[in-house]
Amino acid sequence: MARILIVEDEPNMRLGLKDNLEFENFEVALAEDGESGLRMMEGQNFDLVLLDIMMPKLSGIDMCKAVRKKGIEVPIIFLTAKGEELDTVLGLEIGADDYITKPFSLRELLARVKAVLRRSTDKPENISTDTQIGNLTVNFKQYEAYIDALPEKMSHKEFAILEFFVANKNQIVSRSQLLQEVWGYDSQPTTRTVDNFVLRLRQRIELNPNDPKIILTVHGVGYKMVAN
């Protein structure tokens, strides 16, 4: 049974999420602000965290930074208010795996939760656990990445996108295909989300990210990873 931590300062939202997730047979723990959420993550093990961005004492962004700085790699899904796009992009850059914008349906929430949990535990059988991709060496099973033998922090979503590219090397992959296969739900974020992730991956992989040779843009369609 997966164990989920909900960090949310609105009591009705917090308890509503708890009831619905427990109904789906998840084990749920609650925190009402970022400081208490961080303390719980330091002392307990969780399979997933639902993290509100706007909270008292410690924001979701700052909590996510602190969690990743401590080396805690549990998947994180941000709960964001409409119009918090800048904070959302920042959150993804510092290590969150996904986000969902309030108000959201229970179906959408469960789909995203299950997709992130599935991709944090299931690994493709046909992909090597130690793969060299440009400047980056990746161990997909251990969620470890290195550049010049130095550890490189990456989110679970970035690992999932890389795995999908490797599994579909030399094939054109559309943005909508990435959204469906990697994010794993029908209600999709914008294609800009995909572009932001690809940009960050290029900064790690490519010798010159402004002139990519490994993850190529196929204009009007999507991307293609070529052999390197």
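Keep in mind that what you see is a predicted model, and the values were worked out from it rather than measured.
Remark: the backbone N or O of S36 is paired with a side-chain donor or acceptor of D33 at under 3.5 angstrom. D62 places no side-chain N or O within donor-acceptor distance of the main-chain N or O of L58, the cut-off being under 3.5 Å. With R68 contributing its side chain and I72 its backbone, the two residues share a donor-acceptor pair below 3.5 Å. Put simply, the side chain of D52 never gets that close to the backbone of V7: no donor and acceptor are under 3.5 Å apart.
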Q.
Would L109 and I100 count as a side-chain contact (heavy atoms from CB on, under 4.5 Å) here? Give the steps.
A. CA-CA 7 Å; L109 173 70; I100 184 169; 4.2 Å; yes

Q: Applying side-chain contact (heavy atoms from CB on, under 4.5 Å), run through F159 and K157 and close with a yes or a no.
A: CA-CA 5 Å; F159 279 104; K157 191 65 66 181; over 6 Å; no

Q. Under the salt bridge (charged side-chain N to carboxylate O under 4.0 Å, His left out) criterion, do R204 and D148 qualify, and how do the steps go?
A. CA-CA 11 Å; R204 295 182 172 98; D148 296 329; over 6 Å; no

**Q.** Step-by-step side-chain contact (heavy atoms from CB on, under 4.5 Å) determination, F164 to V173
**A.** CA-CA 9 Å; F164 191 75; V173 176; 3.5 Å; yes

Q: Please lay out, stage by stage, how L162 and L136 fare under the test side-chain contact (heavy atoms from CB on, under 4.5 Å).
A: CA-CA 11 Å; L162 267 185; L136 193 70; 3.8 Å; yes

Q | K213/E206 under salt bridge (charged side-chain N to carboxylate O under 4.0 Å, His left out): CA gap, chis, key distance, verdict | A | CA-CA 7 Å; K213 303 298 184 184; E206 303 282 355; over 6 Å; no

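Considering only residues two or more places apart in sequence or on other chains, E27 meets the side chain to side chain donor-acceptor pair (under 3.5 Å) condition with R3.
When all heavy atoms are compared, the tightest approach of K18 to I6 is N-CD1, 3.7 Å. Considering every non-hydrogen atom in both P75 and V116, the closest pair reads CB-CG1, 3.4 Å. Between R112 and I77 the shortest heavy-atom distance is O-CD1, 3.9 Å. Scanning all heavy atoms of the two residues, the minimum distance from M154 to A145 falls at SD-CB, 3.6 Å. Shortest non-hydrogen contact noted between I76 and C64 is CD1-SG, 3.9 Å. Of all the heavy atoms in E158 and R200, the pair that sits closest is OE2-NE, 3.3 Å.
The side-chain heavy atoms of V113 and F26, taken from C-beta on, include a pair separated by under 4.5 Å. Contact annotation: the side chain of F78 never approaches that of D98 to less than 4.5 Å [non-hydrogen atoms, C-beta and beyond]. Inter-residue side-chain proximity for L30 and L15 is flagged as met; some heavy-atom pair is nearer than 4.5 Å. Between V138 and E144, every side-chain heavy-atom pair lies at or beyond the 4.5 Å cut-off. When side chains are defined from C-beta on, I205 does not count as touching N135, because their heavy atoms never get closer than 4.5 Å. Taking 4.5 Å as the limit, every side-chain heavy atom of D47 sits out of range of all side-chain heavy atoms of I4.
Here L21 contributes atom CG and L50 contributes atom CG; the two are 6.5 Å apart, rounded to the nearest 0.5 Å. Taken from CE in M225 to CD1 in I161, the straight-line distance is 10.5 Å, to the nearest 0.5 Å. Interatomic distance, CG of L106 versus CG of L110, reported as 4.0 Å (0.5 Å rounding). Annotation: the span from E24 atom CD to K114 atom NZ amounts to 4.5 Å, rounded to 0.5 Å. The OH atom of Y99 lies 13.0 Å from the CG atom of L79; values are rounded to the nearest 0.5 Å. With rounding to the nearest 0.5 Å, the separation of NZ in K70 from CD in E42 is 4.0 Å.
Note on V198 and I147: same hydrophobic cluster, where clusters join Ile, Leu, Val, Met, Phe, Trp and Tyr whose side-chain heavy atoms are under 4.5 Å apart, directly or indirectly. Note: the hydrophobic cluster containing F165 does not contain Y146 (ILVMFWY, side chain heavy atoms under 4.5 Å, direct or indirect links).
L207 CG: 12 or fewer foreign heavy atoms inside a 6.0 Å radius. Summarising the local packing, CG of N45 is surrounded by 12 or fewer heavy atoms from other residues, nucleotides or ligands at distances under 6.0 Å. Around the CG atom of N208, the shell of radius 6.0 Å holds more than 12 heavy atoms that belong to other residues, nucleotides or ligands.
Between R14 and D9, no side-chain nitrogen of the basic residue sits less than 4.0 Å from a carboxylate oxygen of the acidic one, so the salt-bridge criterion is not met. A salt bridge links K102 with E8: the closest approach of a Lys/Arg side-chain nitrogen to an acidic carboxylate oxygen falls below 4.0 angstrom.
A side-chain donor from one of D195 and Y223 sits under 3.5 Å from a side-chain acceptor of the other.
V218 belongs to a hydrophobic cluster whose remaining members, ordered by chain and number, are I172, V221; membership requires side-chain heavy atoms of ILVMFWY residues under 4.5 Å apart, directly or through intermediates.
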